[in-house]
Protein chains: 2
Amino acid sequence: MAKNKRDIDRQLKQTEIEEAAAELFVEYGYEATSMAMIAAHADVAPNTLYWYYKNKDEMLVAALNRLVAEFLTNIATIQDQPLDQQLLTVIEHFEEASKLVATVHARLTQSASIRDWHKQFHLMLDAVFIEKLNSRGLSATQAKMMATVGTFIIEGLLSNPHTKQQRPSVLAWLADLLSAKAP
Amino acid sequence: MAKNKRDIDRQLKQTEIEEAAAELFVEYGYEATSMAMIAAHADVAPNTLYWYYKNKDEMLVAALNRLVAEFLTNIATIQDQPLDQQLLTVIEHFEEASKLVATVHARLTQSASIRDWHKQFHLMLDAVFIEKLNSRGLSATQAKMMATVGTFIIEGLLSNPHTKQQRPSVLAWLADLLSAKAP
DNA sequence: ACCTGAACACCGTTCAAGT
DNA sequence: ACCTGAACACCGTTCAAGT
């Protein structure tokens, strides 16, 4: 809600910082990206970052939210493709940020902000999955579990190096599993 | 292959260091455990650790190998239990070290030693899975994929906080999937 | 309100020196 | 061969001071 010049400048600066952070986190990973690097890319002094964010974890959360927003607009455009194709697109979208999957899990025990973000993210992802599972005659409990399993498999593919053949075969298997009607 | 007093002392000291490292990594996580903490627990100067290990990642590898050795002797004792019970035991065994699952994935991009260890670990785990899938009429390709999926689900359960009900239901589902004959 | 220079405590790691 | 004290470069973060 930018109301005047001052607010607009603030938002501009903040956007600049978050873009720098997201870009560097994705490219080099969280740990290998120092606050000094982010500051340099955003053209501010390192300690200025602490005016906008409480600490490095909060900056990661801001960057993650940017990436998720991109993902949500992306997925809206492929609604009508077959399920395994949709899954492949999702993986390819997150692949460039695959380092951050591991980072989020690693920081779960260290940071409450990351914990909160992670919880919300999975709720969102489960909702997306469950919506796709709609009208397949699954009970709510079954649908929830299939969503969980689907998420685990996607995370697995993102977290672990794997061969070119492994990915489509796992995804085809998963799509098949998700498409099957309840017994 | 300890051949004399000197070698025995060396092995003793090294064991002491690795035990301290494994204990602290498991309790506090990799990042929150400093080389200084490990050194203090093993009663040496911090830089002494670098006589035995190239760097902190190599120390993590040594600690991981210790934990895996424990796991292997553990799993041998539960061969005759039903599959979902075996899976539950595996998860419970790794749960105390669940922080390290995320750490290994996070350091995959940073350290070649971790990359090597991770590759070997999954080869080992796949072999265990595939052996359990034996004589179920699966093709080698199918068995390999089921092993991959099984691993991903276990990693998912270890990496993500989940409810008390979620775990047994996912594991029962997985055990069922693994037990089913090929079509 | 926003930004900075300087400093702080800590980190993994190295090196020259000891035994 | 094994171990150490001292130092190095870097890290995230804080604080007092500026505008």
Side-chain angles (χ1 to χ4, degrees), chain A residues 1-18 20-21 24-25 27-63 100 103-104 106-107 109-114, chain B residues 1-18 20-21 24-25 27-63 100 103-104 106-107 109-114:
Chain A
M1 308 300 146
K3 281 177 181 154
N4 53 39
K5 180 81 164 53
R6 192 172 205 112
D7 279 355
I8 290 171
D9 281 357
R10 182 180 214 281
Q11 274 205 4
L12 271 180
K13 184 46 86 180
Q14 194 156 353
T15 301
E16 217 171 319
I17 291 173
E18 284 178 17
L24 293 169
F25 284 152
E27 177 159 5
Y28 302 108
Y30 178 79
E31 232 191 306
T33 301
S34 68
M35 296 297 264
M37 283 167 72
I38 297 169
H41 270 246
D43 243 331
V44 291
N47 48 0
T48 298
L49 301 177
Y50 291 87
W51 178 260
Y52 292 91
Y53 305 94
K54 201 168 155 264
N55 51 39
K56 198 180 174 185
D57 282 301
E58 305 264 359
M59 198 115 102
L60 175 59
V61 166
L100 298 185
T103 298
V104 166
R107 301 208 58 71
T109 47
Q110 321 271 332
S111 156
S113 329
I114 300 288
Chain B
M1 307 301 147
K3 282 178 183 157
N4 53 39
K5 180 78 165 54
R6 193 171 203 113
D7 279 355
I8 290 171
D9 281 357
R10 184 180 210 284
Q11 275 207 4
L12 272 178
K13 184 48 85 180
Q14 194 157 352
T15 302
E16 217 172 319
I17 291 174
E18 284 179 17
L24 292 170
F25 284 152
E27 178 160 5
Y28 301 108
Y30 178 79
E31 230 191 308
T33 302
S34 68
M35 295 298 263
M37 285 167 70
I38 297 169
H41 270 246
D43 243 332
V44 291
N47 48 359
T48 298
L49 300 177
Y50 291 86
W51 179 259
Y52 292 92
Y53 304 95
K54 200 171 156 262
N55 52 37
K56 199 180 175 185
D57 282 302
E58 305 264 358
M59 197 113 100
L60 175 59
V61 167
L100 298 185
T103 298
V104 166
R107 300 206 61 70
T109 47
Q110 320 272 333
S111 155
S113 327
I114 299 288

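So that the names make sense, note that chain A is the first sequence line, chain B the second, and so on, each numbered from 1. Because only heavy atoms are used, hydrogens play no part in the values below, and waters and symmetry mates are left out as well, while side chains stay in.
Among all heavy-atom pairs drawn from A:Val104 and A:Ile114, the shortest one is O-CG2, 3.7 Å. In plain terms, the two heavy atoms of A:Thr33 and A:Leu24 that are nearest each other are OG1-O, 3.1 Å. Considering every non-hydrogen atom in both B:Ala32 and B:Met37, the closest pair reads O-SD, 3.6 Å. Taking each heavy atom of B:Leu49 and B:Met35 in turn, the nearest pair found is CD1-O, 3.3 Å.
Rounded to the nearest 0.5 angstrom, B:Met59 CE and B:Lys54 NZ are separated by 14.0 Å. To the nearest 0.5 Å, atoms OG (B:Ser111) and CG (B:Leu60) are separated by 8.0 Å.
Per the geometry, CG belonging to A:Leu49 stands 14 Å off C1' belonging to D:dC11, to the nearest Å. The CD atom of B:Gln14 sits 10 Å away from the P atom of D:dC3 (whole-angstrom rounding). When rounded to the nearest whole Å, the span between CG of A:Leu12 and P of C:dA1 equals 20 Å. Rounded to an integer number of Å, the gap from B:Tyr53 OH to D:dC3 P is 12 Å. Taking atom NZ of A:Lys13 as the reference point, atom C1' of C:dT4 lies 13 Å away to the nearest angstrom. Separating the OH atom of A:Tyr52 from the P atom of D:dT13 is a distance of 18 Å, rounded to the nearest angstrom. Remark: P of C:dG12 and CE of B:Met59 are 9 Å apart, rounded to the nearest angstrom. Rounded to an integer number of Å, the gap from B:Gln11 CD to D:dA1 P is 17 Å.
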Which atom pairs link the protein and nucleotides 15-19 of chain D when you take only N or O atoms and keep those under 3.5 Å?
none

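Residue A:Tyr28 places its OH atom among 12 or fewer non-hydrogen atoms of other residues, nucleotides or ligands, all under 6.0 Å distant.
Listed by residue number, there are no residues of residues 30-40 of chain B with a heavy-atom contact under 4.0 Å to DNA chain D.
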I'd like a table of donor-acceptor pairs (distance under 3.5 Å, sequence neighbours excluded) in which one partner is a side-chain atom from residues 39-46 of chain A, with atom names and distances.
none

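Legend: residues meeting side chain to side chain donor-acceptor pair (under 3.5 Å) with B:Glu18, ordered by chain and number and at least two apart, are B:Tyr53, B:Arg66. In terms of the side chain to side chain donor-acceptor pair (under 3.5 Å) criterion, residue partners of A:Tyr30 (sequence neighbours excluded) are, by chain and number, A:Asp57.
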Check your understanding: So what's the dot-bracket for DNA chain C: Watson-Crick or G-U pairs under 3.5 Å, [ ] if a pair crosses, | if it pairs off-strand?
Key -> ||.|||||...|||||.||
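Taking every side-chain heavy atom of B:Lys56 into account, C:dT13 is the closest of D:dC3, D:dT13, C:dT13.
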Exercise for review: Please assess A:Lys56 against A:Phe25 for the test side chain to side chain contact (heavy atoms under 4.5 Å, CB included), listing each intermediate value before the final yes or no.
Suggested key: CA-CA 11 Å; A:Lys56 198 180 174 185; A:Phe25 284 152; 4.2 Å; yes
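The phosphate of C:dC2 has neither OP1 nor OP2 within less than 4.0 Å of any side-chain N or O from A:Tyr50. Remark: B:Trp51 is in phosphate contact with D:dC2, judged by side-chain N or O atoms under 4.0 Å from OP1 or OP2.
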